[in-house]
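Contents: one structure, followed by commentary.
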Amino acid sequence: MVEHTIPATQAVVTLDVALPGIVWGWIITMNMWAKSIGTGVIFVGFYLFKKYPEKTAFLKMPVVILSIVFIHIFLLFTVLDLHQMFRFWHIFVYPHWTSAITVGAWIVSGLVGVLFLMALAKFLKKESTYDSFMVLAVILAIPVTLYTAGIMAESSARELWQMPTEMVQMVLAATLTGSATLLLAGIGRLEDEAKRDLAIVLGISAFSAFMIYMGEYVFGPMKAEEVAAVLSYIQAGGEYASMFWIGQTFAFIIPTILVLLSVVNRSYGILPLAAISAIAGLWLVKHVWLIIPQLLPMS
Amino acid sequence: MKLGFLVDLNLCMGCKGCEIACKVENEVPLSSWRLRVKYVDMGTFPDTKRTFTPLRCNHCENAPCERICPVSALHYLDNGIVNIDKERCIGCAGCIMACPYGAIYMDPETNTADKCTYCAHRVSTGLMPSCVVACPVEANIFGDVEDSSSAISKYIMNNDIKVRKPEKGTFPKHYYAGGGDVNLNPLASKREEGHQLFNNITHLSHIGAH
């Protein structure tokens, strides 16, 4: 690797007015985090409504409201991050279809429309209409979940973000926060079998996501020098090492352990704690993964 | 026609004339640069040397910035230049995240992305880019790389030419003669606090945006 020539060359950059490093900061973290919840409740809600139609019917309106709220938080932060936010309508007037940003903006607009129709259907007590729209919402929520991975993949400068990994991480983030949010939304009213299902989704999501991050952490540096340089920021002594491990612990390790204890003992009292830990920890995990590639000088 | 740019690093003496000419020609705001010259010092005293590397947009044939731009603000001209329409840009910074060369910046005055355009406005009237005109040692060679009789094509044929980060698959149309890893690969040199010639660069706050 090219860094290994430095001991010989003693090369030091003495003048380079590099561009400010962090371009996408916490606003984009909020964007990704809120979107995970907004689409996650749709995915997990759809599963619950299919498996326990009677026992989880009380969640139908909360699911739609939660999704609308979090998708709008996601959209709010998306627009807030634009340096020319009052030009966001250009995406609809001058769409450039090779851009994942454009494709995502159009699909999420469709999803918002469907969510409002679902809320209206529920309000008018038209259950079959609601159920039909729910299927459409799930179909649209899939690309809405995945398109951020597309944006990261199109960010050619950031070697760390690879489409296959990011795509799976986006889905797992959605199922993690979706199950966690519904555990909290249904607190006191969900029956044990539904809680158990949600706990299993939460636990599997947390464990799988953790495994993927650990795979990147251990094996990523073996493949590419840029990835190695980026991951050094979260390895021992790196400036984001603490935040990385705090995030991993709250988002994945604690929920996995709590879910395991809960399912084995058939005692679901600790699940809200696992849910809160997962939702809070995911913000940190997303933030670290967003920031570290931006610390690497491009020139 | 496919316009390209070549810098002969054997000739460049780091005078920064190109940087200044670019700033003046394109009215680049304080704290922003379309073109900048990177200095890298090598060796240990007394056996040392300094390298100079002008860095600008590479006008890639497969430009990641053009691909990710959601509104086609970044677009190709017929002559291969990757141009930018600042009136259309929404300031999403996707292009900044996509550019492997760190060549795009957010203009603090217009709150839109901006970068080197090879002085497309000058080129369209038959003039050379301002940095080419300003270079006192003619280290900058600009021309049509599809014309085998052009000066740049002959230079490419007769010299050992490199591009930055070829592994990214961007097919840059900006070439370097006499460049090595230290010049062209950001990982081949250290960046240490206290080793910069100018340490307290002030970045302007963006006007009306974050």
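Reminder, nothing fancy here: chain letters follow the sequence lines and each chain counts from 1.
With values rounded to the nearest 0.5 angstrom, A/His83 atom NE2 is found 10.0 Å from B/Thr110 atom OG1. Atom CH2 of A/Trp24 sits about 6.5 Å away from atom SG of B/Cys92, to the nearest 0.5 Å. Note that CG of A/Leu82 is 11.0 Å distant from CG of B/Asn111, once rounded to the nearest 0.5 Å. Separating the CG atom in A/Leu15 from the NZ atom in B/Lys16 is a distance of 4.0 Å, to the nearest 0.5 Å. Atoms OG1 and CD, from A/Thr98 and B/Glu66 in turn, are 5.5 Å apart once rounded to the nearest 0.5 Å. Atom-to-atom distance recorded for B/Cys89:SG and A/Arg87:CZ is 7.0 Å, nearest 0.5 angstrom.
Closest heavy-atom contact between B/Cys69 and A/Ser99: O-CB, 3.6 Å. Smallest separation of non-hydrogen atoms from A/Val12 and B/Ser189: N-CB, 4.4 Å. Here the closest non-hydrogen pair linking A/Ala157 and B/Cys99 is CB-O, 3.2 Å. Minimum heavy-atom separation, B/Ile68 to A/Ile151: CD1-O, 3.8 Å. Shown here for B/Ile96 and A/Arg158, the closest heavy-atom pair between the two residues is O-NH2, 3.1 Å. Here the shortest heavy-atom pairing between A/Ala11 and B/Val40 reads CB-CG1, 3.8 Å.
Between chain A and the options B/Lys190, B/Met42, B/Lys165, heavy-atom pairs under 4.5 Å are most frequent for B/Lys190. The residue among B/Ala113, B/Pro70, B/Pro186 with the most heavy atom pairs within less than 4.5 Å of chain A is B/Pro70. When each of A/Gln294, A/Gln10, A/Met298, A/Glu159 is checked for heavy-atom pairs under 4.5 Å with chain B, A/Met298 comes out on top.
Using a 4.5 Å heavy-atom cutoff, the side chains of A/His96 and B/His75 are not in contact. Using a 4.5 Å heavy-atom threshold, the side chains of A/Leu296 and B/Leu187 count as touching. Under the 4.5 Å side-chain criterion, counting only non-hydrogen atoms from C-beta, A/Phe88 is not in contact with B/Ile90.
Within the 4.5 angstrom heavy-atom criterion, only side-chain atoms of A/Trp161, from C-beta onward, approach chain B. B/Glu19 does not touch chain A: none of its heavy atoms, backbone or side chain, sits under 4.5 Å away. Only the side chain of A/Ala229 comes within contact range of chain B, judged by heavy atoms closer than 4.5 Å. For a residue to count as touching a neighbouring chain, one of its non-hydrogen atoms must lie under 4.5 Å from one of that chain's; by this rule B/Val182 touches chain A with the side chain only. Only the side chain of B/Met106 comes within less than 4.5 Å of a heavy atom in chain A; its backbone stays farther off.
Counting non-hydrogen atoms of other residues, nucleotides and ligands closer than 6.0 Å to NZ of B/Lys86 gives a total above 12. More than 12 heavy atoms of other residues, nucleotides or ligands lie within 6.0 Å of CD in B/Glu167, so this atom counts as buried by the packing criterion. Applying the 6.0 Å contact sphere to CZ of A/Phe92 captures more than 12 heavy atoms from other residues, nucleotides or ligands.
The side chain to side chain donor-acceptor pair (under 3.5 Å) search around B/Lys115 returns none, not counting sequence neighbours.
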(request) Would you please test B/Asn185 and A/Glu225 for side chain to side chain contact (heavy atoms under 4.5 Å, CB included) and show each step? (result) CA-CA 11 Å; B/Asn185 190 331; A/Glu225 61 185 352; 3.8 Å; yes
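Interface with chain A: from residues 43-59 of chain B, residues B/Gly43, B/Thr44, B/Arg50, B/Leu55 qualify, criterion being any non-hydrogen pair under 4.5 Å.
Among B/Arg164, B/Lys38, B/Arg36, the single residue meeting the side chain to side chain donor-acceptor pair (under 3.5 Å) criterion with A/Ser299 is B/Arg36.
Within the 3.5 Å criterion, the main-chain N or O of A/His90 finds no donor-acceptor partner in the side chain of B/Arg88. Looking only at distances, no side-chain donor or acceptor of A/Ser155 sits under 3.5 Å from a matching main-chain atom of B/Ala98.
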